[in-house]
Amino acid sequence: MDQIVHQGGCHCGQVRFAVRVPAALRVQRCNCSVCRMTGFLHLIVPASCFTLLSDAAALSEYRFNTGVARHLFCRHCGIKSFYVPRSNPDGYSVNLNCLASATIASVEIEDFDGQNWEQHGASLAGLSRDAP
């Protein structure tokens, strides 16, 4: 499927990014405590398809539990537009809710049981790999 560039960012505009993925998106809705509370819908992409367009100094980082996931959020408005997920530490998980809707043709939402991450985390592995 052809890839296009989608742009997104935080609420105040201090954090801006672009991702190169298809117009038809498949995202995961996780029920873990962080994702459930924030309404994060995961679009996991390879690092090669992600570009930070703003100054990285606008980001703050939060780590918990294993410390592998790098939860990045705007230090001005607090919105987490993307982060480096534990399941795919070689890529990014972009919040669908932070993408501009103009370039999105369709969205398929898959439920993911993040409350039982240890049993299901491996099902997300590989989403951050570049397509051959």
Side-chain angles (χ1 to χ4, degrees):
M1 184 172 276
D2 291 338
Q3 294 188 337
I4 63 170
V5 175
H6 302 272
Q7 291 198 15
C10 68
H11 188 261
C12 73
Q14 293 292 310
V15 174
R16 303 291 308 156
F17 64 90
V19 291
R20 192 179 70 256
V21 293
L25 303 177
R26 187 176 77 212
V27 300
Q28 288 75 38
R29 176 178 40 222
C30 178
N31 64 358
C32 80
S33 59
V34 172
C35 296
R36 183 179 45 78
M37 289 180 176
T38 61
F40 201 100
L41 293 174
H42 299 264
L43 173 63
I44 300 175
V45 302
S48 63
C49 294
F50 179 90
T51 305
L52 181 62
L53 302 174
S54 57
D55 186 353
L59 294 168
S60 287
E61 181 178 307
Y62 170 66
R63 293 184 189 220
F64 70 101
N65 195 8
T66 64
V68 175
R70 295 181 54 225
H71 297 270
L72 303 166
F73 56 95
C74 176
R75 58 185 217 108
H76 303 282
C77 70
I79 297 296
K80 182 170 87 169
S81 304
F82 61 89
Y83 77 108
V84 178
R86 178 178 172 194
S87 63
N88 289 268
D90 59 342
Y92 290 89
S93 181
V94 171
N95 188 349
L96 173 72
N97 294 316
C98 293
L99 288 177
S101 61
T103 54
I104 299 171
S106 64
V107 177
E108 176 186 344
I109 299 175
E110 301 174 336
D111 286 324
F112 173 75
D113 185 6
Q115 286 182 350
N116 298 294
W117 201 94
E118 297 302 328
Q119 290 89 357
H120 302 286
S123 69
L124 299 175
L127 292 177
S128 61
R129 290 192 196 117
D130 287 310

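If you're wondering where the values come from, they're calculated on a predicted model, not measured in any experiment.
- At a threshold of 4.5 Å between non-hydrogen side-chain atoms, the residues W117 and R86 count as touching.
- How far CG of L96 is from CD of Q28: 11.0 Å, rounded to the nearest 0.5 Å.
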Quick one: do F82 and N95 satisfy side chain to side chain contact (heavy atoms under 4.5 Å, CB included)? Show the steps, please.
-> CA-CA 6 Å; F82 61 89; N95 188 349; over 6 Å; no
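- Under the 3.5 Å distance criterion, the side-chain polar atoms of N97 are matched with a main-chain donor or acceptor of G39.
- Put simply, I109 and V34 are part of two different groups of oily side chains (I, L, V, M, F, W, Y) that touch within less than 4.5 Å, one to the next.
- With S60 contributing its side chain and R75 its backbone, the two residues share no donor-acceptor pair below 3.5 Å.
- Inter-residue side-chain proximity for L25 and L99 is flagged as met; some heavy-atom pair is nearer than 4.5 Å.
- I104 and F17 fall within a single hydrophobic cluster, where Ile, Leu, Val, Met, Phe, Trp and Tyr are joined by side-chain heavy atoms under 4.5 Å apart, directly or via other members.
- Atom CZ of R63 has more than 12 neighbouring heavy atoms from other residues, nucleotides or ligands inside a 6.0 Å radius.
- Here the shortest heavy-atom pairing between G91 and S128 reads CA-CB, 3.8 Å.
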What donor-acceptor contacts under 3.5 angstrom involve side-chain atoms of residues 41-52, with partners at least two apart or in another chain?
unit_1: H42; atom_1: ND1; unit_2: S93; atom_2: OG; d: 2.7
unit_1: S48; atom_1: OG; unit_2: D130; atom_2: OD1; d: 2.3
unit_1: S48; atom_1: OG; unit_2: D130; atom_2: OD2; d: 3.1

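- Residues satisfying the ring pair (Phe, Tyr, Trp, His ring centres under 6.0 Å) criterion with H6, sequence neighbours excluded, are absent altogether.
- Checked for salt-bridge contact, R70 and E61 meet the test: a charged N lies under 4.0 Å from a carboxylate O.
- Between the side chain of N31 and the backbone N or O of G114, at least one donor-acceptor pair lies under 3.5 Å.
- Contact of the I79 side chain with the C98 side chain is registered, since non-hydrogen atoms from C-beta on lie closer than 4.5 Å.
- S87 places no side-chain N or O within 3.5 Å of a backbone atom of G121 that could act as its donor or acceptor partner.
- For F40 and Y83, the gap between ring centers is short of 6.0 Å.
- The distance from the NZ atom of K80 to the SG atom of C10 is 14.5 Å, given to the nearest 0.5 Å.
- Under the 4.5 Å side-chain criterion, counting only non-hydrogen atoms from C-beta, L59 is not in contact with F73.
- Between atom SG of residue C32 and atom NE2 of residue H120 there is a gap of 13.0 Å, rounded to the nearest 0.5 Å.
- Among all heavy-atom pairs drawn from I4 and P22, the shortest one is CG1-C, 4.4 Å.
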